[in-house]
Amino acid sequence: MYNFDFVRPKTIADAAAALGHEGAQALGGGQTLLPTMKQRLASPETLVSLTGIPEMQGVCKADDGAICIGGATPHAVVAAEVAAHYPALAGLASHIGDPAVRNRGTIGGSLANNDPSACYPSAVLGSGATVVTNTRQIAADDYFQGMFTTALHEGEIITEVRFPVPEKASYQKFEQPASRFALVGVFVAKYADGVRVAVTGASEEGVFRWTEAEEALSANFSADAINGLTVPADGMIGDLHGSKEYRAHLVGVMTKRAVAAAA
Amino acid sequence: MPKDHGIGASPKRREDLRFLTGTGNYTDDINLYGQLYVHFLRSDVAHGRLNKVDTTDAAAMPGVVRIFTGDDFAGVGGLPCGWQVTDKHGQPMQEPGHPVLAQGKVRHVGDPIAAIVADTYEQARDAAEAIVLDIEELPAVIDMKAAVQDGAPKVHDDLTSNLCYDWGFVEENKAATDEAFKNAAHVTTLELVNNRLVANPMEPRVAVGDYNRSTDESTLYTTSQNPHVIRLLMGAFVLGIPEHKLRVVAPDVGGGFGTKIFHYAEEAFCTFAARQLKRPVKWTSTRSEAFMSDAHGRDHVTKIELALDKDNNFVALRTETYANMGAYLSTFAPSVPTWLHGTLMAGNYRTPLIYVNVKAVFTNTVPVDAYRGAGRPEATYQLERVIDKAARELGVDPIKLRRQNFITQFPYATPVAVEYDTGDYVATMDKLEQIADLSGFEARRKASEAKGKLRGLGINCYIEACGIAPSNLVGQLGARAGLYESATVRVNATGSISVMTGSHSHGQGHETAFPQVIAEMLGIDESMIEIVHGDTAKGPMGMGTYGSRSLAVGGSAMVRATEKIINKAKKIAAHLMEASDADIEVKDGKFHVAGTDKSVAWGDVTLAAYVPHNYPLEDIEPGLEETAFYDPSNFTYPSGAYCCEVEVDPDTGRVTIERFSAADDFGNIINPMIVSGQVHGGIGQGIGQALLEGAVYDDNGQLLTGSYMDYAMPRASDVPFYTVDHSCVTPCTHNPLGVKGCGEAGAIGSPPAVVNAVIDALHSAGKTNVTHIDMPLSPNRVWAAMNA
Ligand SMILES: Cc1cc2nc3c(=O)[nH]c(=O)nc-3n(C[C@H](O)[C@H](O)[C@H](O)COP(=O)(O)OP(=O)(O)OC[C@H]3O[C@@H](n4cnc5c(N)ncnc54)[C@H](O)[C@@H]3O)c2cc1C
């Protein structure tokens, strides 16, 4: 690790100001950024910790019923506090990494990073959630722009994520054997106006909506509705843990399982 | 009532108190006054000509004390190889040099090029980035079969090819074996890969070199399984430091699994640099470095053929194996695919003719050497897979086929040069059938099917050769060292005992189990006995711990030394009681005169030995300390039968282990709890190999599995609760404890059981075209096989 300065502001405004300086970078739970720094692959001059900002912590319910999660809320808090309101989302959080990762890693960090194998992006896209930053609100459909790429500007802070609560939902994760990230993860959510299906881990373009499945499930919310539907292997990630064909196959399997398990 | 002390009892492991409360003393806990830190700049290409290493800018960086390169080691020896194999033409193997820091060429990703010594570790790393390397990249050789083709790039320019040796065993059996195949009623053939593994002990390697100017003594603290061997190899072959000026300490070591047997460049470097700089020098491996510098294990590509007669008797066995040596010969590498593998090919069976061919190959990969089981898992895997395949082809029950061919008469001389002293393979199989509840399998299969899962059952038998090893025999086979073990039993004046053993504990529980043996012999309390190991300054020359040898060989030395103690103590006791020493009996910590009520306590005898006021000085010397060296007359041959039940998810190919049972014959058992623990750990590693682990290089020699993000280690949730049994006991006939060794069995016996079970599961669903899947049986591989 190279040397760096460290600041821990108490307000979003102070954090935004600190991030305005050249070489500054936001620090959430550090579960992705710190290993990268230890390997000397990242060398921020200043780390601006977001975990000391009360406005960015915790879970609440908005007037429209949406679940609002502070951008610096650790996965373990989501797992515990969202369980009663949005069990599929809490379940997803409770299966990220191990207890240490869940107690440190944050939803904002996960979404800012947008790892193609991360879990949260599928929940955000699958719920049609809104990513709230210090300057604007970004619809999930506009937020994810490919592997490790998002709509965030330099220095922009995810302060909150708002999830409309579906009638039923489920996240089904097929683990990559080594990292236990998603080899393929499918988030299915049934809303009054239709079903959303978001797939993580599989595509070279990062998290994506499987629109064919959404249409079929909006017409008939049952696992059988997926029969005969496939995603093309072309464009899927192929690596030593799973070929393109295998991932494409798993998208179908995990989608069915998510529909069957949706609660 | 189970015993609560002595042999056969299961006292809790006394060393766990310090391990579990963070008070252990690991090498990385050792920090010396004035200590410097070294960082190794390692090659990031697999093969290249090292034209220039320019350290000018780096040497001027803050905190840098000195930067060493291969040139600094021009006058120093290279890392030696401890075993020479003779090929099938009677020629010695090709043996390349192994410099401490690369000279002229880099030969694998991770090959150390320069060592930067600085005040802090971070300064050393900073300076490494300022070193300018001129490396002319050369085509890498990764695939073993391609590496031995004519015209393949050579890993070592001074060798004639990348073939280290082409070994035939037993060469005299070849013609008869080939003939038997021609006449066989049935031949089963299987090609398979024994996947390359990275041992991944929890504690990475660490070395601290120290030098004392006033005494001219060097001390190396290192994460080793055998500090005396390191002292000998490093002192005599690499650095030229005589043994009396060199001390090697291996304190608490957090797991070794074989990979900490070998003498490594980094520890030689720290010792060397400390002498040069007159300051302590420390290196702590990162996990990433461990992946590219710890010796890897396994990596065999094999074709095996089994010939049977019309009654399904095994008549001949023939194998051809390519064994990866990596870029250099690690300390024991040549012995693993030969003497630890070929000699095991008879397994538990009466196959009269066996011919084993092994081609050891250099590639641009990390050196490969012994990993838990070392050669024996590779032997067992191919043999037990081909037997299972034969059973399917012949439509016979795999257990029945095995039973029919079991060796039942002992001692048994195999056609591959070893003689099994004892065993009862029928008994272990009977025991397995019982503990694994084989009769309930069909019901369990139905229950799995009701859940949409395929259930399979896999059987495996193994024998292994451990208690390594008879020195005169291994000497003939090419070992450049003896493989005896030593023990000094030092009885203190007040009766407590320190035992210096040449074996080393890096998690095995010696500190608990060894005192049980001596306590039993003397009838005293175990708490009076302390085991001392891991320091060349404290005990006699010993060969360390690997090959499940510590109790069978080291324990035998302890027994011999304790017998000497008893003999002498009897003389003292006889003198004190004015009796004849022939009449003295040792019981419950007292010396009795047989047939009388006269006795004298252990403590009175020990005190008399050191305060010899009333003592037979004319007959015996004062003091009570004895040393014994024990050299076994044969290997020991633990054996067992294992059963694995899996479920396969037909939609995803994911395999889960539902049940695992192990019936082992380890000879006599000292501490059943520790034995169970060893078996549990071994099975866990075997399941890791079968389902999860595998080191993978791309065609350019980049390690694709260089971290836990891609190298899958087994976790608690990947393994079931095991049923283990070691009540089948055929004591070893040639060591005083009748023990055989249990450290590697689990890792040897489990992979074939898992793979056999998965194949069985697929066949149950009509996927009979799937005859084999190479390990690790990842979900993708199983799914692909099912859908091929
Ligand atoms: C062992 C292990 C296992 C894991 N397993 C999983 C898994 O199964 N599934 C999964 O989804 N993830 C997994 N993760 C990743 C984990 O969820 C991380 O916590 C997450 O990806 C990053 O969150 P963080 O808060 O730690 O972010 P950091 O590492 O602190 O930051 C990551 C990036 O986000 C930026 N950033 C952080 N917070 C914000 C913010 N509020 N606004 C804008 N930018 C921000 C940082 O500048 C940095 O670029 C695992 C991680 C580890 C170490």
Side-chain angles (χ1 to χ4, degrees), chain A residues 1-4 31-32 35-41 43 95 97-101 115-118 172-186 201-202 223 226-227 230 233 236-258 260, chain B residues 39 62 120-126 128-129 195 198 200 286-289 291 452 649-656 687-688 690-698 702-718 775-788:
Chain A
M1 207 182 268
Y2 299 101
N3 284 338
F4 57 88
Q31 296 304 291
T32 297
T36 321
M37 290 170 63
K38 283 186 181 169
Q39 288 178 297
R40 299 189 159 214
L41 299 172
S43 52
H95 286 94
D98 50 46
V101 170
D115 187 304
S117 305
Q172 293 292 317
K173 173 184 185 182
F174 193 85
E175 289 179 350
Q176 193 257 54
S179 71
R180 321 270 160 143
F181 275 66
L183 190 72
V184 168
V186 178
I226 310 294
N227 286 346
T230 52
M236 294 286 118
I237 299 169
D239 60 19
L240 62 100
H241 304 291
S243 64
K244 291 169 186 282
E245 293 73 23
Y246 184 58
R247 279 192 169 80
H249 167 76
L250 283 181
V251 171
V253 174
M254 292 297 121
T255 304
K256 283 189 175 188
R257 288 186 181 177
Chain B
H39 172 66
T120 71
Y121 173 67
E122 291 296 334
Q123 287 171 331
R125 280 196 74 172
D126 288 344
E129 290 175 6
N195 41 331
V198 184
N200 280 307
T286 63
R287 188 60 70 181
S288 309
E289 272 182 295
F291 271 100
D649 179 343
D651 296 333
T652 64
R654 182 159 183 263
V655 177
T656 51
I687 289 174
L691 295 184
L692 295 159
E693 300 182 47
V696 180
Y697 282 93
D698 72 9
Q702 295 294 332
L703 184 59
L704 298 178
T705 51
S707 81
Y708 292 147
M709 292 299 279
D710 291 299
Y711 187 92
M713 291 294 285
R715 303 183 191 195
S717 58
D718 295 314
M775 302 185 290
L777 272 60
S778 65
N780 191 171
R781 283 190 177 176
V782 175
W783 177 80
M786 291 180 75
N787 292 285

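In the text below, chain A, chain B and the rest are named by the order of the sequence lines, each starting its count at 1.
Residue B:Asp698 does not touch chain A at all, counting heavy-atom pairs closer than 4.5 Å. The parts of B:Arg125 that come within reach of chain A are both its backbone and its side chain, each placing non-hydrogen atoms under 4.5 angstrom from that chain. If you measure heavy-atom distances from B:Pro779 to chain A, the contacts under 4.5 Å come from both the backbone and the side chain. Interface remark: A:Arg257 contributes side-chain atoms only to the contact with chain B (heavy atom separation under 4.5 Å). Both the backbone and the side chain of B:Met709 come within less than 4.5 Å of a heavy atom in chain A. For B:Glu129, the part sitting under 4.5 Å from any heavy atom of chain A is the side chain, from C-beta outward, and nothing else.
Looking at A:Lys173, its side chain never comes within 3.5 Å of a backbone N or O of A:Gly185 through a donor-acceptor pair.
Checking each of B:Leu703, B:Thr705, B:Asp710 against B:Phe291 for a side chain to side chain contact (heavy atoms under 4.5 Å, CB included) leaves exactly one that passes, namely B:Leu703.
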Candidate pair A:Lys256 and B:Asp651, rule salt bridge (charged side-chain N to carboxylate O under 4.0 Å, His left out), full reasoning
CA-CA 11 Å; A:Lys256 283 189 175 188; B:Asp651 296 333; over 6 Å; no
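By the 30° and 60° cut-offs, the orientation of the rings of B:Trp783 relative to A:Tyr246 is tilted.
Highest contact tally toward chain B, considering only A:Arg180, A:His241, A:Gln176, is held by A:Arg180 [criterion: heavy-atom pairs under 4.5 Å]. Most heavy-atom pairs under 4.5 Å with chain A: of the set B:Arg654, B:Glu693, B:Glu122, B:Arg715, this distinction falls to B:Arg715.
The 12-atom threshold is not exceeded at CG of A:Asn3, counting heavy atoms of other residues, nucleotides or ligands nearer than 6.0 Å.
Between A:Arg40 and B:Asp126, some side-chain heavy-atom pair lies under the 4.5 Å cut-off.
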